[in-house]
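Single-structure report; data block below.
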Amino acid sequence: MKKDVREANVVMAKCKSSKRPFGIRIEKRMDNVWYYTWAFKLSEQAGNNEGYENVMISGRVDMDTEYPGCPYCGGIGWISCGNCGKLTCYNGESNHFTCAWCGNSGEVQFGETFDLSGGGY
Ligand SMILES: [Zn+2]
Ligand SMILES: [Zn+2]
C-alpha cells in the first residue's frame, strides 16, 4: 500500500499565440485521475533533455484550481492535437483550434478520457 505517494509528471505544450513551449506539471491523485497543477516556461531543448517529450499519461485529466494557465497568454486549458498528439494551450475563445506544433486545425472536441503523449505515440 503506497497511499500518500503522489505520482507527478511534466508534459510539454506550446502556446497557440506565441508558439513558444512550456511545461505542464501533472499530478496523479486517484486511480487514473490526473490533475494539472502548474505551468512554466520551458525551452523545447530543455524539455527534450528532461525526457518530457516521451511522457505519456492515460486516464482522466482535470484542472486543479491552483493552475495558473499558460505562462505566455494565460489560456487556462489546452487541447491535445488529434494529428500529432501534442498539447496546445486553449482558453475556450472559439471552437476552432490550430495545433502550435504541426499546424493541424479543426473543430475542438472534448472527451472525458484521453491519452496524452509528448512523443511520437
Ligand atoms: Zn498560451
Ligand atoms: Zn498537432
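By convention here, the first residue in the shown sequence is residue 1. Excluded from the calculations below are hydrogen atoms, water molecules and symmetry mates; all remaining heavy atoms, backbone and side chain alike, are included. Every number for a ligand or one of its atoms is a count from 1 in the order of the listing.
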Inset, instruction - Nearest 0.5 Å please: distance from the OH atom of Y36 over to the CG atom of L87. - result: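 The OH atom of Y36 sits 10.0 Å away from the CG atom of L87.
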Inset, instruction - Using the Zn ion (ligand 2) as the apex, give the angle to atoms SG (C102) and SG (C81), rounded to 10 degrees. - result: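 Between SG of C102 and SG of C81, the angle at the Zn ion (ligand 2) is about 110°.
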Legend entry - Metal-centred angle, the Zn ion (ligand 2) as apex - SG of C84, SG of C99, 10° resolution: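 The SG/SG angle about the Zn ion (ligand 2) sits at 110°.
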Legend entry - Distance-only side-chain donor-acceptor flag, E44 / N48, under 3.5 Å: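 The answer is no; no qualifying pair exists.
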Legend entry - Atom CH2 of W38: over 12 foreign heavy atoms under 6.0 Å: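 Not more than 12 within 6.0 Å, no.
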Legend entry - Cationic tip of R20 above Y72 ring, under 6.0 Å, 45° of axis: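 The answer is no, since R20 fails at least one limit relative to Y72.
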Inset, instruction - Report, rounded to 10°, the angle at the Zn ion (ligand 1) between the two atoms SG (C89) and SG (C73). - result: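 Vertex the Zn ion (ligand 1), arms to SG of C89 and SG of C73: 100°.
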